[in-house]
Amino acid sequence: QVQLVESGGGLVRPGGSLRLSCVCEYSGNIRSINAMAWYRQAPGKERALVALVTSGGSTNYADGAKGRFTISMDNVKNTVYLQMNSLKAEDTAVYYCHADRITIVENGAKWEYDLWGQGTQVTVSS
């Protein structure tokens, strides 16, 4: 079973920092992951992209994340990180990890998955 496991959320004061991590776990070998991303969903709002990184290192950020957040991907560890600095109250949300086109090759067969993590709460409050 392939799954995404997130960690790093919590309560932080305005202006503080948090680092989110999301690892793609599988008992066998993951050949590749095309891209990984972080989305967030605040109460009463739709889920929205925060940042995305491809396996080649290209990144894309939502306007509100530019200059404050940094996304990175470790292709060996199949892990994506989101470093969040200068946090604001409006960053409060559940943050979800997404992995695009996880490729597994096993016993001569290939499987591809798009997965979501379970979400981790980030609360920015004094």
Side-chain angles (χ1 to χ4, degrees):
Q1 181 181 357
V2 187
Q3 62 179 354
L4 299 180
V5 180
E6 300 149 338
S7 60
L11 172 65
V12 63
R13 296 184 182 278
S17 298
L18 279 176
R19 188 192 194 210
L20 305 182
S21 300
C22 172
V23 58
C24 183
E25 293 186 343
Y26 179 61
S27 58
N29 181 50
I30 296 172
R31 172 166 288 188
S32 64
I33 301 174
N34 180 56
M36 299 186 79
W38 288 96
Y39 289 73
R40 68 186 182 189
Q41 187 167 18
K45 296 188 177 181
E46 294 187 352
R47 191 174 299 188
L49 177 70
V50 176
L52 177 146
V53 59
T54 70
S55 58
S58 298
T59 58
N60 185 33
Y61 293 92
D63 287 344
K66 290 177 182 176
R68 298 189 299 127
F69 295 1
T70 302
I71 191 169
S72 59
M73 183 172 170
D74 186 325
N75 292 321
V76 175
K77 296 181 179 179
N78 297 314
T79 301
V80 64
Y81 305 97
L82 185 68
Q83 178 66 43
M84 303 186 292
N85 299 327
S86 302
L87 283 161
K88 307 174 182 179
E90 50 263 44
D91 294 317
T92 296
V94 177
Y95 283 70
Y96 295 91
C97 174
H98 180 261
D100 173 70
R101 209 166 76 222
I102 304 165
T103 300
I104 292 171
V105 178
E106 206 165 68
N107 298 323
K110 184 172 77 171
W111 289 271
E112 293 186 342
Y113 302 87
D114 287 350
L115 290 180
W116 288 93
Q118 79 283 0
T120 185
Q121 176 70 46
V122 171
T123 303
V124 184
S125 175
S126 55

*Enter the distance from S58:OG to M73:CE here, rounded to the nearest 0.5 Å.*
11.5 Å

*asked:* Quick check on E90: does its CD atom have over 12 non-hydrogen neighbours (other residues, nucleotides or ligands) under 6.0 Å away?
replied: yes

*With hydrophobic residues grouped by side-chain heavy-atom distances under 4.5 Å, do Y81 and L87 end up in a single group?*
no

*At their closest point, which heavy atom of L49 faces which heavy atom of A37, and how far apart are they?*
CD1-CB, 3.9 Å

*Could you tell me the separation between the CD atom of Q121 and the CG atom of L11, rounded to the nearest 0.5 Å?*
9.5 Å

_Nearest heavy-atom neighbours spanning D114 and R101_ = OD1-N, 2.7 Å

*Donor-acceptor pair, R31 side chain versus T103 backbone, under 3.5 Å?*
no

*Can you spot which of D100, I33, L4 makes a side chain to side chain contact (heavy atoms under 4.5 Å, CB included) with L115?*
L4

_Exam field: side chain T59 to backbone V53, donor-acceptor pair closer than 3.5 Å_ = no

*Would you find a donor on one side and an acceptor on the other, under 3.5 Å apart, between the side chain of R13 and the backbone of S126?*
yes

*Taking E6 for the side chain and C97 for the main chain, is one N or O donor matched with an acceptor at less than 3.5 Å?*
yes

*State yes or no: do L52 and Y61 share one hydrophobic cluster built from I, L, V, M, F, W and Y residues joined by side-chain heavy-atom distances below 4.5 Å, directly or via other members?*
no

*Report the distance from atom CD1 of I71 to atom CH2 of W38, rounding to the nearest 0.5 Å.*
8.0 Å

_I need the C22 SG to H98 NE2 distance, nearest 0.5 Å._
10.5 Å

*hydrophobic_cluster_shared for V80 and V94, side chain cutoff 4.5 Å*: no

*State, with a plain yes or no, whether a side-chain heavy atom of N29 is found less than 4.5 Å away from one of E106.*
no

*Say whether F69 and L18 are linked into one hydrophobic cluster, either directly or through other cluster members, by side-chain heavy-atom distances under 4.5 angstrom.*
yes

*Is the backbone N or O of S55 less than 3.5 Å from a side-chain atom of N75, with the two atoms forming a donor-acceptor pair by type?*
yes

*Output yes when K88 and D91 qualify as a salt bridge under the 4.0 Å nitrogen-oxygen rule, no when they do not.*
no

*What are the two closest heavy atoms between S17 and S86, and how far apart are they?*
OG-N, 4.4 Å

*asked:* To the closest 0.5 Å, what do you measure between SG (C24) and CD1 (I104)?
replied: 6.5 Å

_Heavy-atom pair of closest approach, residues L82 and A51_ = CD1-CB, 4.2 Å

*Quick one: do Y113 and Y26 end up in the same hydrophobic cluster if we chain Ile, Leu, Val, Met, Phe, Trp and Tyr together by side-chain heavy atoms under 4.5 Å apart?*
yes

*According to the interplanar angle, ranging from 0 to 90°, do the rings of Y96 and W116 count as parallel (below 30°), tilted (30 to 60°) or perpendicular (above 60°)?*
perpendicular

_How close do V122 and M84 get, counting heavy atoms only, and between which atoms?_
CG2-CE, 4.0 Å

